[in-house]
Trainee: 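Please read through the structure below; I'll follow up with questions.
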Amino acid sequence: GYPCGVSIGDIYPGTLLALGVVSAIHHARATGEGQFFDVAMYDAVLAMCETLVANNGYPNGRVLGPTGRNHTDLTPFGIYPTKDGAVAIACPGGGPHWEVLAVAMGRDDLIAEERSTNVSRLETDREYIEEAVRAWTSTMTKEEVVSTLGGIVPCGPVNTAQDIFDDPHVKAREMIAKVPLPGDNPDVSIIGSPLKFTSTKAGVYRRAPNLGEHTDEILEMLGFDADARANLHDAKIVKST
């Protein structure tokens, strides 16, 4: 819906950067040669907009505008209202997914041959299909829709931030991390790591330091004993605050 937008301009380029570094390391190990590696924020975000580019890149291409709640090339595929919010449903193909959805809605008539594929639905009565799905979901809660379709037709609730904090899946996956703040301040919650390893635990292991907070720790790691560290502080070569 509107207004909308996800803040990915800083995060997704960093994700590609990490993948590129790993790829470059593999290349260097195989060839013995290093190389310059570059990821631009603009390029990374543009890569996320592949549908926008593809629609304009084919012959007789079209320039997409804001798409709102529904996918431009797939139907039914989007966000649909419920009595307590909204759900996401992705059922663009034919076969079992489409039949299960139609039967669940009490609309066996939608299984007809002329609506059996995504292409046929787009070409004939896209808005009719979308309105039928909206009319059905509007009579139910998010939980009721997911209970009816979950595990059969791809779907899920549209969660608020508090829904996410309360989600047992999020808790089980440790995707909300508690981090202390300096001074007399309460802990804060930030996002955890989506990377899960069997042997190497990933995640937030401590907060970011204040300026100079870890100076002694770093000097000790570098081999400076207590006297050497004290001398450095006395000479004002390093500062702890």
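Values below: every heavy atom of this structure, side chains too, minus hydrogens, waters and symmetry copies.
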Trainee: Taking the side chain as every heavy atom from C-beta outward, state whether Val21 and Ile25 have any pair of such atoms under 4.5 Å apart.
Mentor: yes
Trainee: May I ask you to test the Asp163-Thr160 pair for a side-chain heavy-atom distance under 4.5 Å?
Mentor: yes
Trainee: If you take all heavy atoms of Arg207 and Val179, which pair is closest and at what distance?
Mentor: CB-CG1, 3.3 Å
Trainee: For a quick test of reading the model, state the closest non-hydrogen atom pair linking Ala90 to Val153 and the distance between them.
Mentor: O-CG1, 4.2 Å
Trainee: Does Arg121 come within less than 4.0 Å of Glu130, counting only side-chain N to carboxylate O?
Mentor: no
Trainee: Can you name the closest pair of heavy atoms from Trp98 and Ile111 and give their distance?
Mentor: NE1-CA, 3.9 Å
Trainee: Which atom names give the shortest non-hydrogen contact between Val39 and Ala44, and what distance separates them?
Mentor: CG1-CB, 4.5 Å
Trainee: Does a salt bridge link Glu213 with Arg206, judged by any charged N lying under 4.0 Å from a carboxylate O?
Mentor: no
Trainee: Locate the shortest heavy-atom distance separating Ser120 from Thr117; write the atom from each residue and the value.
Mentor: OG-O, 2.8 Å
Trainee: Return yes if some donor-acceptor pair links the side-chain N/O of Thr82 with the main-chain N/O of Thr137 below 3.5 Å, else return no.
Mentor: no
Trainee: May I ask you to decide if Phe77's main-chain N or O and Tyr80's side chain share a donor-acceptor pair within less than 3.5 Å?
Mentor: yes
Trainee: Check the pair Asp73, Arg62 against salt bridge (Lys or Arg N to Asp or Glu O under 4.0 Å), reporting the backbone distance first and the verdict last.
Mentor: CA-CA 12 Å; Asp73 302 315; Arg62 53 182 175 150; 2.5 Å; yes
Trainee: Does the Asn56 side chain pair with the main chain of Leu64, one donor and one acceptor, at a distance under 3.5 Å?
Mentor: no
Trainee: Going hydrophobic residue to hydrophobic residue with side-chain gaps under 4.5 angstrom, can you get from Val146 over to Ile152?
Mentor: no
Trainee: With rounding to the nearest 0.5 Å, note down the distance linking CD in Glu217 to CG in Leu222.
Mentor: 11.0 Å
Trainee: Measuring only between side-chain heavy atoms, which start at C-beta, is Cys155 closer than 4.5 Å to Val87?
Mentor: no
Trainee: Taking all atoms of both residues into account, what is the closest heavy-atom pair of Leu101 and Trp136, and its distance?
Mentor: CD1-CZ3, 4.1 Å
Trainee: Using only atom types and a distance under 3.5 Å, with no angle test, would you say the side chain of Thr75 pairs donor to acceptor with the backbone of His71?
Mentor: no
Trainee: Take Thr139 and Glu144 through the side-chain contact (heavy atoms from CB on, under 4.5 Å) test and state the conclusion after the steps.
Mentor: CA-CA 10 Å; Thr139 67; Glu144 288 171 340; over 6 Å; no
Trainee: Is a donor on one side and an acceptor on the other found under 3.5 Å between the side chain of Lys196 and the backbone of Arg173?
Mentor: yes
Trainee: Honestly curious: do Ile190 and Met175 fall in one hydrophobic cluster under the side-chain, below-4.5 Å linking rule?
Mentor: no
